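Just below is one structure, and these are the notes that go with it.
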Amino acid sequence: MTFSETILSWYRENKRELPWRDTKDPYRIWLSEIILQQTRIAQGTPYYEKFLANFPTIEHLSNATEAEVLKLWQGLGYYSRARNLHATSKTVVQKYGGKFPSNYIELMGLKGIGDYTASAIASICFDEPRAVVDGNVYRVLSRYFGVEIPINSTKGVKYFKALAQSVMDAEHIGDYNQGTMEFGAVQCVPKSPDCPRCPLNKSCLALQKNLVDRLPVKMGRIKVRKRYFNYLVVMDRAGKTQLRQRLGKGIWENLYEFPKLDSDRELKQKQVESSLSEVLQLEEPPLVYQYGKGQVVHKLSHLHLHTKFWVVETCAELKNGVALSDLEHYPVPVLVANFISSFKNHYF
DNA sequence: AACTCGGGGTG
DNA sequence: CACCCAGAGTT
């Protein structure tokens with residue numbers, strides 16, 4: 001049996017039933033692929049169901065506001081996916097009459113759709129012979145064919161794309177692509193794979209060369225930076241607080257948060273008090289105290305955010321104040337959502 | 001080619 | 001703690 005024959009055979013026996021498995025509807029496949037980018041199935045599936053329930057068709061999605069889409073996306077991370085999802089829904093409705101383009105080239109022209117996603121949609125929905133290369137495929141191919149080229153190098157990306165394209169089954173491309181990824185997710189797992197019970201173990205080069213636990217090769221990652229966030233939770237006479245939308249490029253774009261003092265080192269009470277005017281415009285000196293003790297350390301892949309929340313009580317009345325009970329309507333980073341949840345419990 | 005962009009699960 | 005997850009876009 002060839003590589004692809006074994007993959008297809010294994011897939012028919014072992015495929016999991018997932019909500020997007022039994023459809024070729026481009027809207028649903030696209031939605032699932034965007035949600036699953038850099039995201040585990042267990043984490044993404046509830047969001048897939050949620051989006052489909054709120055937006056049964058691409059027209060529903062295109063008629064929503066970006067804030068509504070971001071709110072539904074809250075907690076999933078990589079928020080550009082949500083913004084691009086919304087933008088592309090409008091493009092498909094307006095430029096393509098609500099019907100997804102049916103080939104790789106045109107799909108690549110849509111926001112948020114790159115080589116992987118265009119290949120996935122084209123192959124699954126339209127049977128176009130395009131091999132996908134995701135994290136699972138890198139692992140399966142590098143091991144089975146004993147490839148030691150770093151998967152995150154320019155050379156590696158090209159090599160694995162070409163290799164995948166050369167070993168695919170063009171006649172069953174949808175199942176082949178999903179099967180290879182499923183195989184990587186279930187059988188050829190990153191750590192301690194069960195090689196003795198692998199259907200490819202007779203011809204796997206990594207297994208023969210004892211390289212299974214060293215493949216795929218990945219170049220060194222970026223070091224983690226530290227940032228110090230000081231959120232200013234204003235409480236005015238009417239019990240309202242202040243929220244701001246993050247504008248411009250960067251992390252959490254278009255999400256909401258409290259006014260914030262940002263530093264490369266920890267700020268103490270006095271420094272926070274003396275810097276208040278940089279972010280807040282208050283008539284009189286407010287009462288400032290830290291909510292809780294120590295710092296919340298919110299860990300992102302490349303950033304550790306050491307965060308303090310400061311309650312700023314003022315006797316004035318804010319112009320654009322937000323009631324605590326309305327906070328839940330705004331899309332906010334998980335870091336902020338966790339605080340709000342704790343803060344509410346503390347006061348009510 | 002190197003960086004940025006999130007949050008959660010796993011051993 | 002390091003590593004990984006059905007990657008894409010920008011610099």
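Each chain gets a letter, A, B and so on, in the order the sequences are listed, and its residues count up from 1. Everything quoted here is computed from the prediction, not taken from an experiment.
Within 3.5 Å, no donor on the side chain of A:Tyr116 pairs with an acceptor on the base of C:dG7, nor the reverse.
Judged by distance alone, the side chains of A:Gln178 and A:Asp175 never bring a donor and an acceptor atom under 3.5 Å apart. Between the side chains of A:Tyr138 and A:Asn152, no donor-acceptor pair of N or O atoms lies under 3.5 Å. For the residue pair A:Thr117 / A:Gln37, a side-chain donor-acceptor distance below 3.5 Å is found, with atom types taken as modelled.
Spacing between C:dT10 and B:dG6 at atom P, rounded to whole Å, works out to 14 Å. Spacing of P atoms, C:dA6 relative to B:dT10, comes out at 12 Å, to the nearest Å.
For residues 121-134 of chain A, the pairs satisfying side-chain hydrogen bond (donor to acceptor under 3.5 Å, both in side chains) are A:Lys24-A:Asp127, A:Ser123-A:Asn177, A:Glu128-A:Arg130, A:Asp134-A:Asn136, with sequence neighbours left out.
Both cation-pi conditions hold for A:Lys50 and A:Tyr47: the charged atom is under 6.0 angstrom from the six-membered ring centre and inside a 45 degree cone around its axis.
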Every protein N/O within reach of nucleotides 9-11 of chain C N/O, cut-off under 3.5 Å:
| residue | atom | partner | partner atom | Å |
| --- | --- | --- | --- | --- |
| C:dG9 | OP1 | A:Gly112 | N | 2.4 |

Pairs under 3.5 angstrom, nitrogen or oxygen only, protein versus nucleotides 8-11 of chain B, please.
| residue | atom | partner | partner atom | Å |
| --- | --- | --- | --- | --- |
| B:dG8 | N2 | A:Arg40 | NE | 3.1 |

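A heavy atom closer than 4.0 Å to some atom of DNA chain C occurs in no member of residues 45-57 of chain A. Contacts between residues 161-168 of chain A and DNA chain B, counted as heavy-atom distances below 4.0 Å, involve no residue at all.
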### Task
Let me see the working for A:Tyr291 and A:Tyr231 under ring-ring contact (aromatic ring centres under 6.0 Å, His included), right down to the final yes or no.
CA-CA 10 Å; A:Tyr291 178 82; A:Tyr231 279 117; over 10 Å; no
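Using a 4.0 Å heavy-atom distance criterion, A:Trp73 is classed as making no nucleic acid contact. Within the nucleic acid shown, A:Asp115 comes within 4.0 Å of sugar-phosphate atoms alone, with no base atom in reach, counting heavy atoms only. Across all strands, A:Arg246 comes closer than 4.0 Å to no nucleic acid atom at all (heavy-atom distances).
Inter-residue side-chain proximity for A:Leu70 and A:Gln74 is flagged as unmet; no heavy-atom pair is nearer than 4.5 Å.
Atoms CG (A:Leu18) and P (C:dA6) sit 11 Å apart, rounded to a whole Å. One interatomic measurement links the two molecules: CH2 of A:Trp252 to C1' of B:dG7, which rounds to 11 Å at whole-angstrom precision.
Every residue two or more places apart in sequence or in another chain was checked for a ring pair (Phe, Tyr, Trp, His ring centres under 6.0 Å) with A:Trp310, and none qualifies.
Here the nucleotide nearest the side chain of A:Pro333, chosen from C:dA6, C:dC5, B:dG7, is B:dG7.
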